[in-house]
Enquirer: 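To start, I am sharing the structure in question, which I have written as structure tokens.
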Amino acid sequence: MRNLLLHIAYNGSRYHGYQVQQNAVSVAGTFQPVLEKILAEKVQLKGCSRTDTGVHANDFAVSFKTNCRIPCEGLVRALNNDLPPDMAALRCEEVDEEFHARYSCTGKRYIYKIRNSEIRSPFEQDQVWVYYKYPIDAEALNAAAQGFIGTYDYQAFCSPGGSVEDTVRTIYEFTVRRDGEMVEFSVTGSGFLYNMVRIMVGTLLAAGMGKIPCTPEAIRAIVLSKNRARAGGRVPPCGLYLDKVYYE
């Protein structure tokens, strides 16, 4: 039996997250039947993460065990013939028997996109936060974002409803960059809590509006407080992308 690691990308606009749901369209609920039809067998699909409703993925990893002998390149081609237009298979490889897309993951990178303009973009609806009018000083937010970096308990950046008990994570890098009207937040870490990236971005935006000091020390103080009430709001899901999944 082979253990395969498959990377996919998807536009999350019409999906209610990754996990299979009884009464809603999900990524796994759409992808798995197509995969099983090609393999001609049932598989236990293991996802690297649980993206929320409306969140996108440039690189989402799944692993599964199969008796099917279709070469990896052929499987990718077959999937891309049958998957819906808002989903694509990127690449596939054989991995060790013990490999698990979630538990073998060593880190993830998320990006969040905001169009900082007084004019709404009619072409990027559901792809970015298309209508954020308050001026964003990307350099100032980039400096403040360095307060997130390190290994800490990030309870202050977790929405109620998360199932994990250990809220300690390591953030390796956080950057904020502007390209014209587009502002992109990029954060890389060992893992992320429920809504963590969206709350981090919301906190930086609050700092940019003067609601909290726009300094790395102020951000670090919120992290150390472990108090959700001190952090900013949660930005909409439409601008969030799982951008990269890391494995050793």
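The basis for the numbers below is simple: all heavy atoms, side chains too, and nothing from hydrogens, waters or symmetry mates.
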Enquirer: Is there a side-chain contact between Ile70 and Ile38 (heavy atoms, below 4.5 Å)?
Expert: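 With C-beta onward as the side chain, the pair touches.
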Enquirer: Yes or no on side-chain contact (heavy atoms from CB on, under 4.5 Å) for Val168 and Tyr152, after CA distance, side-chain angles and deciding distance?
Expert: CA-CA 5 Å; Val168 174; Tyr152 297 102; over 6 Å; no
Enquirer: Distance from Ser117 atom OG to Glu124 atom CD, nearest 0.5 Å?
Expert: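 Answer for the OG-CD pair, Ser117 versus Glu124, is 10.0 Å.
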Enquirer: Kindly compute the distance separating NZ (Lys37) from CG (Leu79), expressed to the nearest 0.5 Å.
Expert: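 The distance works out to 11.5 Å.
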Enquirer: Does the pair Ile8 and Phe31 meet the rule for a side-chain contact (heavy atoms from CB on, under 4.5 Å), with working shown?
Expert: CA-CA 10 Å; Ile8 65 174; Phe31 176 79; 3.8 Å; yes
Enquirer: Indicate yes or no for a side-chain donor-acceptor contact from Asn142 to the backbone of Val176 under 3.5 Å, with no hydrogens or angles considered.
Expert: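 Yes, because the side chain of Asn142 sits within donor-acceptor range (under 3.5 Å) of the backbone of Val176.
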Enquirer: So if you build clusters from Ile, Leu, Val, Met, Phe, Trp, Tyr with side-chain heavy-atom gaps below 4.5 Å, do Val128 and Ile136 land together?
Expert: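 No, Val128 does not connect to Ile136 through the hydrophobic network.
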Enquirer: Are Ser13 and Asp126 close enough, and set up right, to give a side chain to side chain donor-acceptor pair (under 3.5 Å), and what steps lead you there?
Expert: CA-CA 6 Å; Ser13 300; Asp126 298 326; 4.6 Å; no
Enquirer: Apply the test side-chain contact (heavy atoms from CB on, under 4.5 Å) to residues Thr151 and Ile171: give CA-CA distance (whole Å), side-chain angles for both, the deciding distance (0.1 Å), then the verdict.
Expert: CA-CA 6 Å; Thr151 301; Ile171 299 301; over 6 Å; no
Enquirer: Is the count of non-hydrogen atoms from other residues, nucleotides or ligands lying under 6.0 Å from Lys46 atom NZ greater than 12?
Expert: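 Buried by this count: over 12 neighbours within 6.0 Å.
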Enquirer: Say you draw a straight line from CG of Asn23 to NE2 of His16; how long is it, rounded to the nearest 0.5 Å?
Expert: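 The distance works out to 10.5 Å.
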Enquirer: If we only count heavy atoms from C-beta on, is the His7 to Asn58 side-chain gap below 4.5 Å?
Expert: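 Sidechains of Asn58 and His7: no contact.
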Enquirer: So does Arg91 pair up with Asp59, basic N to acidic O under 4.0 Å?
Expert: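 Result for this pair is yes, salt bridge flagged.
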Enquirer: Answer whether the closest heavy-atom distance between the side chains of Glu41 and Glu36 falls below 4.5 Å.
Expert: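 Sidechains of Glu36 and Glu41: no contact.
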Enquirer: Do Leu4 and Glu94 come close enough that some side-chain heavy atom pair is under 4.5 Å?
Expert: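 Yes. Closest side-chain heavy atoms under 4.5 Å.
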Enquirer: Run through Lys113, Lys133, Arg115, Arg120 and flag the one making a salt bridge (Lys or Arg N to Asp or Glu O under 4.0 Å) with Glu181.
Expert: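 For Glu181, the salt bridge (Lys or Arg N to Asp or Glu O under 4.0 Å) test succeeds with only one of Lys113, Lys133, Arg115, Arg120, which is Arg115.
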Enquirer: Which heavy-atom pair separates Tyr15 from Asp86 by the least distance, and what is that distance?
Expert: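 The pair with the smallest heavy-atom distance is OH-OD1, 2.8 Å.
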Enquirer: Within the supplied structure, the quantity of interest is the number of heavy atoms (other residues, nucleotides, ligands) at a distance under 6.0 Å from Glu139 CD; does it exceed 12?
Expert: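 Not buried by this count: 12 neighbours or fewer within 6.0 Å.
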Enquirer: Side-chain heavy atoms nearer than 4.5 Å, only ILVMFWY residues, links allowed to pass through others: does that put Met87 and Val43 together?
Expert: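 Yes, one cluster joins them.
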Enquirer: Is Arg220 reaching over with its side chain to a backbone N or O of Ile149, donor-acceptor style, under 3.5 angstrom?
Expert: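 Yes, Arg220 side chain to Ile149 backbone: donor-acceptor pair under 3.5 Å.
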Enquirer: Would you check if there is a donor-acceptor pair between the side chains of Thr51 and Tyr10 at a distance under 3.5 Å?
Expert: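 The answer is yes; a qualifying pair exists.
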Enquirer: Could you check, using the six-membered ring where one of them is a Trp, whether Phe99 and Tyr247 have ring centers closer than 6.0 angstrom?
Expert: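 They qualify: ring centres under 6.0 Å apart.
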Enquirer: Starting from Val76, can I reach Leu90 by hopping between I/L/V/M/F/W/Y residues whose side chains sit under 4.5 Å apart?
Expert: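 No, separate clusters.
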Enquirer: Can you confirm whether Asn81 is buried at CG, in the sense that more than 12 heavy atoms of other residues, nucleotides or ligands lie under 6.0 Å from that atom?
Expert: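 Atom CG in Asn81 is crowded, with more than 12 foreign heavy atoms closer than 6.0 Å.
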Enquirer: Can you get from Val197 to Tyr246 by hopping between Ile, Leu, Val, Met, Phe, Trp and Tyr side chains that sit under 4.5 Å apart?
Expert: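 Different clusters: Val197 never reaches Tyr246 through Ile, Leu, Val, Met, Phe, Trp or Tyr contacts under 4.5 Å.
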Enquirer: Does any part of the side chain of Phe60, heavy atoms only, come nearer than 4.5 Å to the side chain of Cys48, both counted from C-beta?
Expert: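 In short, these two side chains touch, coming nearer than 4.5 Å.
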Enquirer: Centres of the Phe148 and Phe157 rings: under 6.0 Å?
Expert: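 For Phe148 and Phe157, the ring centres are under 6.0 Å apart.
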Enquirer: Okay, side chain of Ser63, backbone of Leu5: is any donor-acceptor separation there less than 3.5 Å?
Expert: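 No, Ser63 side chain to Leu5 backbone: no donor-acceptor pair under 3.5 Å.
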Enquirer: If we ignore hydrogens and angles and just use 3.5 Å, is the side chain of Gln19 paired with the main-chain N or O of Ala28 as donor and acceptor?
Expert: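 Absent.
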Enquirer: Taking the ring of Tyr110 and the ring of Tyr241, is the distance between their centroids below 6.0 Å?
Expert: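 Not under 6.0 Å, so no.
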Enquirer: Where is the tightest heavy-atom contact between Asn195 and Arg234, given as atom of each residue plus distance?
Expert: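 Answer, listing the atom of Asn195 first, then Arg234: OD1-NH1, 2.7 Å.
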Enquirer: Is it the case that Tyr194 and Arg50 place a side-chain donor and acceptor less than 3.5 Å from each other?
Expert: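 Their side chains do not contain a donor-acceptor pair, so the 3.5 Å distance test is not met.
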Enquirer: Answer yes or no: is there a donor N or O on one side and an acceptor on the other, between the side chain of Gln21 and the main chain of Ser26, under 3.5 Å?
Expert: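 Not at all, since once roles are kept as given, no pair shorter than 3.5 Å links the two residues.
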Enquirer: Assess the side chains of Asn3 and Asp96: does a donor N or O sit below 3.5 Å from an acceptor N or O?
Expert: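 Result is no, nothing qualifies.
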Enquirer: Looking only at heavy atoms, which two atoms of Asn80 and Ala89 are closest? And how far apart?
Expert: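 Shortest heavy-atom separation between Asn80 and Ala89 comes out as OD1-N, 2.8 Å.
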Enquirer: Working note: Ile222 + Asn227, criterion side-chain contact (heavy atoms from CB on, under 4.5 Å); need CA distance, chi angles, decisive distance, verdict.
Expert: CA-CA 7 Å; Ile222 297 173; Asn227 183 352; over 6 Å; no
Enquirer: Once rounded to the nearest 0.5 Å, what's the spacing between atom SG of Cys238 and atom CD of Gln127?
Expert: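 Between Cys238 SG and Gln127 CD, I get 8.5 Å after rounding to 0.5 Å.
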Enquirer: For Arg177, is there an ion pair with Glu184 - N to carboxylate O distance below 4.0 angstrom?
Expert: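 No, no charged N to carboxylate O under 4.0 Å.
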Enquirer: Between Tyr132 and Tyr134, what is the ring plane arrangement, given parallel below 30°, perpendicular above 60°, and tilted in between?
Expert: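 Tyr132 and Tyr134: perpendicular rings.
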Enquirer: Looking at Arg198 and Val235, would you say the former's side chain and the latter's main chain have a donor-acceptor pair under 3.5 Å?
Expert: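 It does hold such a pair.
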Enquirer: Using 4.0 Å as the upper bound for N to carboxylate O, is an ion pair formed by Arg178 and Asp137?
Expert: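 Looking at Asp137 and Arg178, the cut-off is not met.
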Enquirer: With distance as the sole criterion, is a donor-acceptor pair present between the side chains of Arg109 and Tyr172 under 3.5 Å?
Expert: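 Absent: no donor and acceptor within the cut-off.
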Enquirer: Quick check: do Tyr18 and Thr53 have side-chain heavy atoms less than 4.5 Å from each other?
Expert: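 They are not in contact (no side-chain heavy atoms under 4.5 Å apart), so the answer is no.
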Enquirer: What is the distance from atom OG of Ser186 to atom NZ of Lys244, rounded to the nearest 0.5 Å?
Expert: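 Separation between the atoms: 12.5 Å.
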Enquirer: Rounded to the nearest 0.5 Å, what's the gap from CZ on Arg230 to CD1 on Ile219? Could you check?
Expert: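 Here the rounded value is 10.0 Å.
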Enquirer: Side chains of Phe174 and Met200: closer than 4.5 Å at any heavy-atom pair?
Expert: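 The answer is yes, as the side chains (C-beta and beyond) meet within the 4.5 Å cut-off.
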Enquirer: Hydrophobic clusters here meaning ILVMFWY residues chained together by side-chain heavy-atom distances under 4.5 Å, can you tell me if Leu240 and Leu242 are in one?
Expert: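 Yes, it is one cluster - the side chains of Leu240 and Leu242 are joined through contacts under 4.5 Å.
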Enquirer: For the residue pair Arg169 and Tyr154, what are the closest heavy atoms and their distance?
Expert: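 Looking at all heavy atoms of both residues, the shortest contact is O-CE1, 3.2 Å.
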Enquirer: Which heavy-atom pair separates Leu204 from Leu141 by the least distance, and what is that distance?
Expert: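 Minimum heavy-atom separation between Leu204 and Leu141: O-CD2, 3.3 Å.
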Enquirer: Does any N or O in the side chain of Lys65 come within less than 3.5 Å of the main-chain N or O of Glu97, such that one atom is a donor and the other an acceptor?
Expert: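 Checked: pair present.
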Enquirer: Using every non-hydrogen atom in the two residues, find where Cys68 and Leu39 come nearest and quote the distance to one decimal.
Expert: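 Reported closest heavy-atom pair: CB-CD2, 3.7 Å.
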Enquirer: Compare all side-chain heavy atoms of Ile199 with those of Arg228 and state whether any distance is below 4.5 angstrom.
Expert: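 Counting from C-beta outward, Ile199 and Arg228 do come under 4.5 Å.
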